[in-house]
Amino acid sequence: MNRDKAVDASWLKVMADEFEKPYMEGLNQFLHDEKKKGKQIFPPEQQIFHALNKTPFDKVKVLILGQDPYHGEGQAHGLSFSVQPGVQPPPSLVNIFKEMGTDLGLAPPAHGCLNSWADQGVLLLNAVLTVEAHKAGSHRGLGWETFTDRVIKELEQKKENLVFILWGGYARKKGRFIRKDRHLIIEGPHPSPLSSYRGFFGSRPFSRTNAYLKETGQIPVDWELL
């Protein structure tokens, strides 16, 4: 994992020491060994830290936390819930677009690439940054959670008036140390078809995010994907 080319310099300034810790070296060795065994790992190596490259630390104003990358061929590219242009949006993303339509009146986009959100300061971070092909959750418990906890803590402690969007029990557990008097936390069920009808639909996370950003003197996010 070549962090220097894959991670924006602003993130290296606050997290350079984390990359040197033994558990990260172990993760690197694990991924190397898995590839030597012929296993396919998503996303591609150069995109593992794509979220931290696409959205610099200094520009983050919203965090949308996912679980682990999509495990289907050609889907994951390092941004939570996003897929490459030309790839059919998975069911969770389809439900996100449905809620976006209800909340903001936007038509479903023709693609599932969320690059424009990331460019506006929406950090699209997964709790676990890699996965074995066709094996959801296969890289949990190997150390990625420690790394992404550090990401969240750096944001929580060094910035103010962020919006943390935590969908599903896994993401909500990651938000245990976020201070509600300092940031806005939007929690709800995961947009997966298995849980979306338990309160994800109708939660209006997009308009609530923009209302808070306006209240705190920040530029709202243009959620429309063209």
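Please read these numbers as outputs of a predicted model, since none were measured by experiment.
With hydrogens and angles disregarded, a donor-acceptor distance shorter than 3.5 Å links the side chain of S138 to the backbone of E132. Judged by distance alone, the side chain of Q120 and the main-chain N or O of S116 form a donor-acceptor pair under 3.5 Å. Side-chain N or O atoms of D68 include one that pairs as donor or acceptor with a backbone N or O of G137 at under 3.5 Å. Remark: the backbone N or O of I64 is paired with a side-chain donor or acceptor of S80 at under 3.5 angstrom. Looking at W11, its side chain does come within 3.5 Å of a backbone N or O of T55 through a donor-acceptor pair. A distance-only check finds a donor-acceptor pair linking the side chain of S82 to the backbone of L114 [under 3.5 Å].
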field: Audit row: L52, L12, side-chain contact (heavy atoms from CB on, under 4.5 Å) steps and yes/no
entry: CA-CA 9 Å; L52 301 186; L12 290 178; over 6 Å; no
message: Run H77 and F42 through ring-ring contact (aromatic ring centres under 6.0 Å, His included) and show every step you take.
response: CA-CA 8 Å; H77 65 121; F42 296 135; over 10 Å; no
message: Let's go through Q84 and Q47 carefully: what are the C-alpha distance in whole Å and the side-chain angles of both, what is the deciding distance for side-chain contact (heavy atoms from CB on, under 4.5 Å) to 0.1 Å, and is it a yes or a no?
response: CA-CA 12 Å; Q84 296 275 29; Q47 293 178 329; 3.5 Å; yes
message: Under the criterion side-chain contact (heavy atoms from CB on, under 4.5 Å), I'd like the reasoning laid out for F57 against L155: C-alpha separation, chi angles, the key distance, then a yes or no.
response: CA-CA 8 Å; F57 180 85; L155 290 169; 3.7 Å; yes
task: Apply side-chain contact (heavy atoms from CB on, under 4.5 Å) to the pair T148 and N126, showing each step before the final yes or no.
output: CA-CA 8 Å; T148 52; N126 281 312; over 6 Å; no
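Note: F97 CZ to T102 OG1 = 13.5 Å, rounded to the nearest 0.5 Å. Here the straight-line distance linking atom OG of S92 with atom OH of Y70 works out to 5.5 Å at 0.5 Å rounding. With rounding to the nearest 0.5 Å, the separation of CG in L63 from CD1 in I165 is 8.0 Å. The distance from atom CG of L129 to atom CD1 of I41, rounded to the nearest 0.5 Å, is 13.0 Å. Taken from OG1 in T216 to CG in N161, the straight-line distance is 4.5 Å, to the nearest 0.5 Å. To the nearest 0.5 Å, atom CE of residue M100 and atom CD of residue E224 are 8.0 Å apart.
At a threshold of 4.5 Å between non-hydrogen side-chain atoms, the residues I178 and I185 count as touching. Here the side chains of K61 and V221 are in contact, with some heavy-atom distance below 4.5 Å. In this structure, the side chains of K36 and L31 stay at 4.5 Å or more apart for every pair of heavy atoms. Side-chain contact check for T130 versus E45: every heavy-atom pair is 4.5 Å or farther apart. Side-chain contact check for L125 versus L79: every heavy-atom pair is 4.5 Å or farther apart. Looking at heavy atoms from C-beta onward, P205 lies out of side-chain contact with R208 at the 4.5 angstrom threshold. Using a 4.5 Å heavy-atom threshold, the side chains of L162 and F164 count as touching.
Of all the heavy atoms in P43 and I48, the pair that sits closest is CG-CA, 3.9 Å. The minimum heavy-atom distance between Q75 and H71, with the atom names listed, is OE1-N, 4.0 Å. Taking both residues in full, the closest heavy atoms of S195 and P189 are given as O-CB, 3.5 Å, listed atom of the first, atom of the second, then distance. Between L142 and L27, the shortest heavy-atom contact is O-CG, 3.7 Å. When every heavy atom of P220 is checked against every heavy atom of K214, the shortest pair comes out as CG-CE, 3.8 Å.
Under the 4.5 Å side-chain heavy-atom criterion for ILVMFWY residues, a single connected hydrophobic cluster contains both I186 and V122. Taking hydrophobic clusters as Ile, Leu, Val, Met, Phe, Trp and Tyr residues chained together by side-chain heavy-atom distances below 4.5 Å, V83 does not share a cluster with L226. Cluster membership for V131 and M24, using ILVMFWY side-chain heavy atoms within less than 4.5 angstrom, is not shared. The same ILVMFWY cluster, assembled from side-chain heavy atoms under 4.5 Å apart, contains both W144 and L166. Put simply, F19 and V128 are part of the same group of oily side chains (I, L, V, M, F, W, Y) that touch within less than 4.5 Å, one to the next.
Residue K159 qualifies as enclosed at atom NZ: its count of foreign heavy atoms under 6.0 Å is above 12. Around atom NZ of K13, no more than 12 heavy atoms belonging to other residues, nucleotides or ligands sit under 6.0 Å away. When the shell of 6.0 Å around NZ of K180 is examined, it contains 12 or fewer heavy atoms from other residues, nucleotides or ligands. Heavy-atom contacts from other residues, nucleotides or ligands closer than 6.0 Å to NZ of K135 number 12 or fewer. Enclosure of atom CD1 in I219 is not indicated, since only 12 or fewer non-hydrogen atoms of other residues, nucleotides or ligands lie within 6.0 angstrom. Heavy-atom neighbours of Q88 CD from other residues, nucleotides or ligands within 6.0 Å: at or below the threshold of 12.
Both the sub-6.0 Å distance and the 45° axial angle are satisfied by R140 relative to the ring of Y170.
At a threshold of 4.0 Å, the pair K21-E25 does not count as salt-bridged, since none of the basic side-chain nitrogens sits closer than that to a carboxylate oxygen. The pair D149-R176 counts as a salt bridge, with a side-chain nitrogen and a carboxylate oxygen less than 4.0 angstrom apart. Salt bridge status for E156 with K153: absent, with no side-chain N to carboxylate O gap under 4.0 Å. One finds no salt bridge joining K174 and E145 here, because no Lys/Arg side-chain nitrogen approaches an Asp/Glu carboxylate oxygen to under 4.0 Å. Between D17 and R150 a salt bridge is recorded (basic side-chain N to carboxylate O distance below 4.0 Å).
When the side-chain contact (heavy atoms from CB on, under 4.5 Å) test is applied to S207, the partners found at least two apart in sequence or on another chain are D103, L104, R204.
For the pairing with H190, the ring-ring contact (aromatic ring centres under 6.0 Å, His included) check across F81, Y197, F200 returns one residue only, F81.
F147 has its ring centre no less than 6.0 Å from the ring centre of Y23.
Between the side chains of E99 and N95, not a single donor N or O lies within less than 3.5 Å of an accepting N or O.
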